[in-house]
Amino acid sequence: MSEARLPPAPIFIDLTELTTHPLRTGIQRVEREILRRWRGPRPLVPCRFDAEKLRFCALPDAVVEILTQDGNHTVDDDKERLRTHLEKGTPISQGDIDAGLHNPEVFYEQRRAEAYRALCRDGTASVSWLVYDFLPFLHPQGWEPRTTERLMHYVRTLREIPRAAFISEQTRNDYLHRVIRDAGRAGPVIPLGGDGVALSRQEFDPRRRMFTYVGTIEPRKNVADILEAFEMLWRQDVDVELTVIGRMEIRSTREPPILDRLKAEPRFSYLGHASDDAIRQALQRTRATLFVSSLEGFGIPPYESLASGIPVVASANLPSLDLLPAGGRVILGEISPTAIAGAVLQLLDDSFAERLWGEVTSLRIPTWDGFVQGLARWLHD
Amino acid sequence: MVDCDIVFDMRCLQDPSYKDRGVGKLSANLVRNVGSLRTKIETSTLGLIDPRLPPLEDRFLRLVDRIQGNAYLDVKRRSTVFVELSPMTHDPLFPGRIVNDPDILKLAIVYDFIPLMKPERYLPTASDRLDYHTQLIWLSRHDHFFPISQYTADELRRILNVESRHITNTGAPIGNAFERVDGFGQWGGSSERYVLASGGAEPRKNIECPMLAHAGSRAMQDAGVQLVVTGNYPLGWQASLRDLYVANGGKSELLIFPGFVDEDELVAIYRSARCAVVAAQMEGFSMPVVEAMAAGTPVLASSIPAHKELVGRNDLMFSPEDVEAVRSKVEALVLDPARRAEVVGDQSTRWQRFRADKIAGDFWAKVSDLVAQRQPKRSAILRGARPRIAFLSPMPPDQSGVADYSAATISELGKLADVHVFSKHICAAMPDGAASVQQITALPCLSSGFDRVIGVVGNSHFHLEVFQLLERYGGACIEHDNRLLGFYRILLGSQRARSLAERELRRPVTEEEIASWLQDESRLKATFLGEIAEWASPMFVHSRVTARIVRERFAKEAIYLPFSIYRQWEIDPTDRELKLAARTRLGIGSKEFAVVSLGLVHSNKAVEECIWAVDLLRSWQIPAKLYLVGGFADDEGRFRNLVSYLDLADHVSFSSGFVGEAQYRDYLLAADAAVQLRTHFFGGLSGALLDCIAVGLPTVANEDLAVAMEAPPYVSPVPDHPSPVLIAESLAEILGRGADRSQFDQPRRHYCEAHSFENYARKLCEGLGLEIDAGRRSP
């Protein structure tokens, strides 16, 4: 008599934040890619922490379907479509959850943190977290005063989590040497994918005169320096164009007046928040992208630029670029309009630009499939 | 060429009751023409204004080089002339310090003493009489007087016994429009012949007299000669006068009240009149008499002294009660063209001496002579005496760090100057270094006995009296705190706090926003230092950051003084044996990493973040314990709950009550590290951090505080937005460097020297413009 094979135990994935705020950027984008590209062999079962029941509850498969569909729905649409399914969540038994609970989210809610701490104290559960960065803890000036204290539940819980993976070496180093200081719990670095734009690899064309910035406009991104650099170049009659794509955050004070005075500048476009299609169209005319942020948890736009074959002018120490071998980019030691303008002038030199475009072709940029496979391997380990 | 500062009391030009009347016109004319002095004397001009009065209009503002909201003149490097433009109309204490200053040449324009002539009307109460006589006393303290008429000069001699050599007659200037009368045509208000009666809404103008004369004149009534009564009479008063006029035979249609008219229209009214009648019972000077003459209109005036010197002919004068005389004299002028022409001719030159430029020219020529003749009195300091300083401050036993700080300041300052202390509460003993100690009053602000007045201000109720005196009388100010939110909102009210914040931030500020600042000072956007910066001369601050903010936000220069160490040590606070002994006394284990945070326990010192940092340190296997050395200034439950939640009861210690001096010092000796944080910025300071620095205790402080304190290298800065991770990280680094404080001895000694009260007192004197001769130091 042959013994019936048991189906592989599921791995629960904690989507509490995503199912409450189904956005498509940042961490929520990572979560959607995990759901979309997960290939097993253990099934990935969505769950959420129910703050009233103080339990993790499994969610129906329909939740995954909603979260992995194309971006034709608004956030409010998705919220409404998810609402009924969230109510159908069923508490997960201790035995089931012991088999595997993975959290790919950042959260600061005390009760959820305590639930994780209780699981970890018990010692039987296979709990794992994907850690993005520690920016609010290590660079608190970028946030409102007294923010960090409210976020400490995350760190306090993280130090109890037996398995942690990281999206960058920088984050792993911060975990090991600054925040948690426990090597025994640190897992691998699993780089995010750079192929999210889904743009075919671009070829160098000397007729391309456009530089593009993609990302939010907030103080640490130094977009004002980019704008002032191009103002300098235009005053010198340099034949170059600039396109800026991204929504303006309320804390930005330098950029609005510059954007205002550039309204009549024909060589400049500001698209605000734009669709993936619009980004693709802009990149198809781009000679190089610009990304000169002072502070990043990862820095995906330059990564995606290189994945599309387009060189990038970037600030030093971006965790995303640190994962790659050299080439295909101009790195600025100092971020200033003058330094940015200098890099743009370099890239307007056809032979220099062509060399950089050539270097990009030799770079192997991690993909989202690779990221999810790496995560799956680690979770199955 | 002599250098000279001319200071004007310009309050009469702020006051709607005076600015456009005779007082204001005379005053503005003198100020406007101060330039005529500049051919002989290099001058700068300062206008004193009273912030309690309406703002000075631009037309007056631009007459002087600068204005000031009080009468505190600090460093007088050259001759100073004070011109009191209207000595009897406003609070005489306001410029009291100047008027009492023997080094300043004080000049007063004197208009009249009318209230003394009719006290039952003008000084009806004992209080009014006392106030008026007080003003007379202040007036008598001027050096030279400029009465506007011979009559007023005589009164000045009679009432105040002023010698003639201290009196120079001036006059009231005629309006500019009267000096170009040829350009004016007929008055449009009446096409008929009319007599002009000059009045004003004051009984002493005696308008009834010419009205009765006109009403009773059959000749004028029959001939339809109108009576135009100038002066801005209220409608009810006009009606009563009209009733009186009609009741005495006047035709109502012949009586005209033009009401308020501008100067051009007034000229036209004069020009078209057959004659003018001025019947006032009391005047110090009579502008209508001069105006009529300038307009070419014959004028009849009552035979009061001020009129006599202007008119000069008995046949053109009358007793103020003699209606018949007025009627006959008016009829003669109206009905006899030859008589009228003769009078016009006679009066055509009498007014010329009241041209504005002549009056101002004569005035400034006399001032020039006075300045040249004056033997400058050498100030006490220049004569070699020690400076005398009035020091207004909370003092022990007030439970205030500022009181302690002032006591330490006076101890050293007293070696350089005679320091007279004025405090709300009488000190139990004479403070070390003080020459005297008295209860605080306005006296030091008015007395000329002090070379400088220093008020000490901070963000607590202890400073209210000093603040109020500074507001009214000015002075130097040592501003202790980087923000005065609590002081303004709680002691002065929400409206004033809001208005000040709006001016500082140049945007609307709601009551809710201010409430949110009070609740969490990390959200604070305004310093509330604007008024102090405006009033103080100079303003001293203990932080370069605050000085920069004052410059950027209020366009004022604040003088930086290094915040000085007022907890002195007779022993070597870096001695390891003393540290071990202190740890034993406090029960601190030898292996424990003892972290202290000194001062009142309040959320605005990031106490929660410090507790979280202890949690992290312990998770890093560091045996940290946090000692919060000070009472609670905030809800203690939130801190205790957090400690309990994090299971840190054995690793966070709250003080059980008041921490005595000995215990406080033990903690400073015993600790391995300190953490002193502020969540409000603007260059705030910390006495506790100063204590830590003074004993060489490695300390974690936020950047704004560390920069403001000019902290030495053994203070580790963390970002102003507190992060438990970074606080813990810095503490761990301190532990890693080792506990031996002697490694910081050189920077510690250097800091202590730069932040000594000896150095502080010297810099304070420099900032006050007091040149301290080493030979005058007392031991």
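In what follows, chains are A, B, ... by sequence order, proteins preceding strands, each numbered from 1.
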Determine whether [X] and [Y] make a side-chain contact, defined as any pair of heavy atoms from C-beta on separated by less than 4.5 Å.
| X | Y | answer |
| --- | --- | --- |
| A:Arg156 | B:Asp615 | yes |
| B:Thr679 | A:Pro145 | no |
| B:Leu726 | A:Arg178 | yes |
| B:Gln621 | A:Arg181 | no |
| B:Trp620 | A:Arg159 | no |

Determine whether a donor-acceptor pair (N or O, by modelled atom type, separation under 3.5 Å) exists between the side chain of A:Gln141 and the backbone of B:Asp720.
yes

Is B:His721 reaching over with its side chain to a backbone N or O of A:Gly142, donor-acceptor style, under 3.5 angstrom?
no

Of B:Pro722, B:Ala606, B:Pro724, the largest count of non-hydrogen pairs under 4.5 angstrom with chain A goes to B:Pro724

Selection from B:Ala613, B:Ala732, B:Ala728, B:Ser603 maximising heavy-atom pairs under 4.5 Å formed with chain A
B:Ser603

Toward chain B, the part of A:Glu160 with a non-hydrogen atom under 4.5 Å
neither

Under 4.5 Å to a heavy atom of chain B? For A:Leu151 that would be neither

A cation-pi test, strictly: NZ or CZ of A:Arg117 under 6.0 Å from the centre of the six-membered ring of B:Tyr645 and no more than 45 degrees from its axis. Yes or no?
no

